[in-house]
4 protein chains.
Amino acid sequence: MDQTSPHPDEPGPPAKEFAGGDSRTRILDAAEELFAGGGYAATPTSLIAKLAKVPKGLLFHYFPRKIDVLVALVDERTLVEEGREVEAVPGDAARTLSRLARRLPLRASPAMRRILFREADTHGSVRERLGRLNGELIGRSRFALELALPGARGDRARLEVAAATFAAVLLYQENLCQLTGHQIDADAVADLIAHSLA
Amino acid sequence: MDQTSPHPDEPGPPAKEFAGGDSRTRILDAAEELFAGGGYAATPTSLIAKLAKVPKGLLFHYFPRKIDVLVALVDERTLVEEGREVEAVPGDAARTLSRLARRLPLRASPAMRRILFREADTHGSVRERLGRLNGELIGRSRFALELALPGARGDRARLEVAAATFAAVLLYQENLCQLTGHQIDADAVADLIAHSLA
Amino acid sequence: MDQTSPHPDEPGPPAKEFAGGDSRTRILDAAEELFAGGGYAATPTSLIAKLAKVPKGLLFHYFPRKIDVLVALVDERTLVEEGREVEAVPGDAARTLSRLARRLPLRASPAMRRILFREADTHGSVRERLGRLNGELIGRSRFALELALPGARGDRARLEVAAATFAAVLLYQENLCQLTGHQIDADAVADLIAHSLA
Amino acid sequence: MDQTSPHPDEPGPPAKEFAGGDSRTRILDAAEELFAGGGYAATPTSLIAKLAKVPKGLLFHYFPRKIDVLVALVDERTLVEEGREVEAVPGDAARTLSRLARRLPLRASPAMRRILFREADTHGSVRERLGRLNGELIGRSRFALELALPGARGDRARLEVAAATFAAVLLYQENLCQLTGHQIDADAVADLIAHSLA
DNA sequence: TATGAATGAGCGTTCATTCAT
DNA sequence: AATGAATGAACGCTCATTCAT
């Protein structure tokens with residue numbers, strides 16, 4: 001959970017955070033934690049309820065089927081920002097890409113990020129969100145490079161490949177690094193790609 | 001799956017492939033298909049037994065616990081080739097990497113490849129194998145580039161980044177492409193990287 | 001169900017049929033439809049509330065227990081007419097019974113009739129109502145035959161049997177015909193019975 | 001359970017009645033009793049298992065879904081005898097029908113008979129069986145009357161009505177009598193019908 | 001009267017695993 | 001090695017009912 005997700009302990013007006021709404025939030029909080037930790041299939045609804053400190057039946061009041069919890073999580077707690085302006089540094093592809101890497105168009109907690117990759121295989125709505133993120137990453141990389149290197153120096157195809165490569169590296173960083181234990185330095189990759197386009 | 005996929009280069013007589021041994025193989029065949037399709041957690045042992053056409057009890061004779069099936073699958077049906085020679089094309093980093101992409105150091109059926117990525121989150125032995133693949137990809141890429149570009153032209157660090165990037169793209173190609181629907185052309189990436197090292 | 005079915009002969013102003021009272025009626029309407037369709041046990045109160053478009057809690061305001069809905073339905077929407085005069089055609093037992101068949105002493109919608117037979121096994125109040133209907137049918141048949149055939153031609157016992165037979169056929173027609181798909185023509189049976197008493 | 005159903009305590013060769021088969025029988029025994037008593041919908045599988053003294057899971061080993069228990073019961077423990085010869089008493093329709101009433105073409109325990117009527121509303125396979133019984137009763141009654149009264153005295157239509165009436169009375173006797181508390185004497189009805197055909 | 005969140009026992013079902021043969 | 005009945009804990013889910021507002 002990052003600064004954008006609805007947390008009851010967040011500062012600001014605590015309005016409407018009592019009564020019914022609270023339980024639903026606590027259920028999602030618990031599910032987020034557990035799905036990220038053990039995976040959707042291996043997490044029993046009873047455990048979600050226990051962690052959320054709500055009776056089991058209430059979970060199904062808000063989410064008629066278990067899968068609805070996951071869908072709600074993805075719907076409400078991940079946001080792929082689309083079409084935002086890219087901050088390009090004219091003439092400097094490397095720094096432009098670096099900035100991009102620092103501000104991924106994904107508003108989601110670390111837990112939600114894990115869920116996004118973990119459950120993409122199994123559940124369409126999650127896969128769709130991941131696909132959207134991928135597309136956005138490619139689009140932004142392409143756009144950023146176009147801005148940084150306005151002269152069509154290097155044909156478009158090469159620029160496209162560069163964008164796809166950078167997107168691949170960013171997703172790799174988000175996902176596989178944790179699994180494989182191999183780190184990758186996005187800044188260095190940005191530099192590499194910039195060189196190749198020079 | 002079939003006799004051609006797992007270890008085509010394995011020497012030795014194919015003995016013991018009749019009678020009893022057959023059941024074990026059929027169990028693994030079935031599990032491979034089902035784990036790839038629906039995931040380990042969502043596949044009941046009873047379904048494996050049914051698809052393998054063996055009685056349920058026999059499955060537990062060969063694999064006392066369900067997880068042992070997955071472990072056996074990874075142990076016996078994936079092989080990360082280590083330290084093999086890389087076919088480098090001296091002076092041509094692009095073609096060298098392309099060759100690498102064409103012959104991944106992973107001997108495994110498409111189904112086993114899916115399993116490798118799918119279950120890496122949950123099961124240590126799978127994760128270890130995936131990590132090994134990642135390491136091998138990086139190592140080979142590095143080695144290939146060293147061979148192709150013997151002059152330490154471009155510092156080592158840059159070469160390291162290039163290797164890691166290429167490895168990331170290859171894994172992305174193996175895994176995320178299916179999920180996100182975005183293809184990536186490894187040859188073009190090879191070309192890109194070669195340029196950046198020129 | 002609608003304003004014509006339950007008690008078309010009930011006198012009195014139709015007052016109180018707005019506002020709050022409406023909810024109660026809609027609940028009973030919904031329950032009638034659902035109990036007839038799927039049976040009492042298989043119909044959740046939540047579904048009744050949904051079909052009635054009332055909140056779940058309100059249902060329990062009017063009917064503290066689920067069974068009360070069924071009891072109210074039977075109480076308020078079935079009426080076994082007792083002791084009404086039978087229109088006999090003197091000397092013509094066949095036509096007399098035919099008339100009886102055409103005007104059963106049961107004021108209830110088709111749905112309520114199904115409920116009456118369906119739930120008789122399980123719930124005493126329903127069984128009692130069905131028993132009452134049966135008794136009334138026998139009584140009327142007996143009385144009709146006595147009127148039609150005033151000379152005690154044929155002993156009383158035979159007349160009693162004829163009445164019971166006709167009642168059985170009428171109930172069979174109401175209930176089993178739908179289940180078994182075999183129709184029976186009450187007029188023809190009336191004719192048959194009249195012959196046997198001649 | 002009547003003399004035809006498979007009971008372990010039945011005399012005769014006790015072969016194959018050990019091991020697994022016993023549990024299945026005990027489950028059906030328990031279900032028969034409970035379904036007859038409280039109805040299918042109101043009988044939890046856990047109660048069946050408890051009464052049968054088997055673990056709950058075993059019930060689902062033999063009957064994957066609850067409804068399969070009911071279907072098996074109807075399939076294996078009711079038999080509508082079809083096409084058997086009718087013992088007619090030539091010239092005596094009354095006694096012929098009486099004999100028919102005494103030997104219904106239904107082999108089933110009293111409990112199964114209740115189930116047949118109780119659950120006919122809800123479950124197709126039960127309804128089919130009941131419909132078959134109804135058809136057989138009509139067919140036999142017709143055939144018996146044809147045999148007893150070979151001269152086409154009384155047109156065929158009348159004979160058909162007589163058959164249907166008698167069948168209706170027999171089913172009424174089996175089912176509704178218990179619910180309504182009104183008895184009907186099949187012999188007397190047979191007599192009545194015979195008179196009407198004379 | 002009206003509302004829907006809350007509650008928890010219980011349901012049908014699944015499933016990994018054991019075991020006697 | 002082979003078999004499938006047996007076991008019981010746990011699962012996702014349902015549901016009548018309660019309750020605070």
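Proteins come first, then strands; the chains are lettered A, B, ... in the order of their sequence lines, and each starts at number 1. Every heavy atom of this structure was used, including side-chain atoms; hydrogens, water molecules and symmetry mates were not.
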Student: At less than 4.0 Å, is any side-chain N or O atom of S46(C) found next to OP1 or OP2 of dC15(F)? Yes or no.
Tutor: no

Student: State whether D68(C) and R65(C) are salt-bridged, where the test is any N-O pair (Lys NZ or Arg NE/NH1/NH2 against Asp/Glu carboxylate O) under 4.0 Å.
Tutor: no

Student: Quick check on DNA chain F: between A41(A) and L59(B), whose nearest nucleotide comes earlier from the 5' end?
Tutor: L59(B)

Student: Between V54(C) and L58(A), which has a closest nucleotide on DNA chain E that is more 5'?
Tutor: V54(C)

Student: Output the pairing pattern of DNA chain F as a dot-bracket string, 5' first, Watson-Crick or G-U wobble with both distances under 3.5 Å, | for cross-strand pairs, [ ] for crossing pairs.
Tutor: .||||||||||||||||||||

Student: Once you round it to whole Å, what is the distance between P of dA16(F) and CZ of R65(C)?
Tutor: 12 Å

Student: What pairs of residues pass the ring pair (Phe, Tyr, Trp, His ring centres under 6.0 Å) test when at least one of them lies in residues 24-50 of chain A, not counting sequence neighbours?
Tutor: F35(A)-Y40(A), Y40(A)-H123(A)

Student: Are any of S23(B)'s side-chain N or O atoms less than 4.0 Å away from OP1 or OP2 of dA2(F)?
Tutor: yes

Student: If you check every side-chain atom of F60(B), which of dA2(F), dT17(E), dT17(F) has the closest atom?
Tutor: dT17(E)

Student: By nearest atom, which of the nucleotides dT7(E), dA16(F), dC11(E) is closest to the P44(D) side chain?
Tutor: dC11(E)

Student: Ignoring hydrogens and angles, tell me if any N or O in the side chain of R127(D) forms a donor-acceptor pair with the backbone of D121(D) under 3.5 Å.
Tutor: yes

Student: Sequence neighbours excluded and cut-off under 3.5 Å, please list the side-chain donor-acceptor pairs for residues 41-54 of chain B, or say none.
Tutor:
unit_1	atom_1	unit_2	atom_2	d
T43(B)	OG1	L34(B)	O	3.4
T43(B)	OG1	G39(B)	O	2.7

Student: Consider the side chain of Y62(A), meaning its heavy atoms from C-beta on, and name the nucleotide among dT17(F), dA5(F), dA5(E) that approaches it most closely.
Tutor: dA5(E)

Student: Calculate the interatomic distance between K66(D) atom NZ and dT14(E) atom C1'; express it in whole Å.
Tutor: 17 Å

Student: Would you kindly give the NZ-to-C1' distance between K56(B) and dT3(F), to the nearest whole Å?
Tutor: 11 Å

Student: Would you indicate, yes or no, if dC15(E) has its OP1 or OP2 atom less than 4.0 angstrom from a side-chain nitrogen or oxygen of T45(B)?
Tutor: no

Student: Specify the separation, in whole Å, of atom NE2 of H61(C) and atom C1' of dA2(E).
Tutor: 8 Å

Student: Could you tell me how far apart I48(B) (CD1) and dC15(E) (P) are, to the nearest whole angstrom?
Tutor: 11 Å

Student: Let me know the distance between CG of L34(D) and P of dG12(E), rounded to the nearest Å.
Tutor: 12 Å

Student: Roughly how many Å is it from CD1 in I67(D) to P in dC11(E), rounded to a whole number?
Tutor: 17 Å

Student: Main chain of G37(D), side chain of R114(D): is a donor-acceptor contact present, judged purely on distance under 3.5 Å?
Tutor: no

Student: Could you check how far NZ of K50(A) sits from C1' of dG8(E), rounded to whole Å?
Tutor: 15 Å

Student: Hey, is the main chain of A36(C) close enough, under 3.5 Å, to the side chain of R118(C) for a donor-acceptor pair?
Tutor: yes

Student: Do D75(B) and R129(B) come within less than 4.5 Å of each other through their side chains, counting heavy atoms only?
Tutor: yes

Student: Hey, which sits more toward the 5' end of DNA chain F by its nearest nucleotide, P55(D) or P55(B)?
Tutor: P55(B)

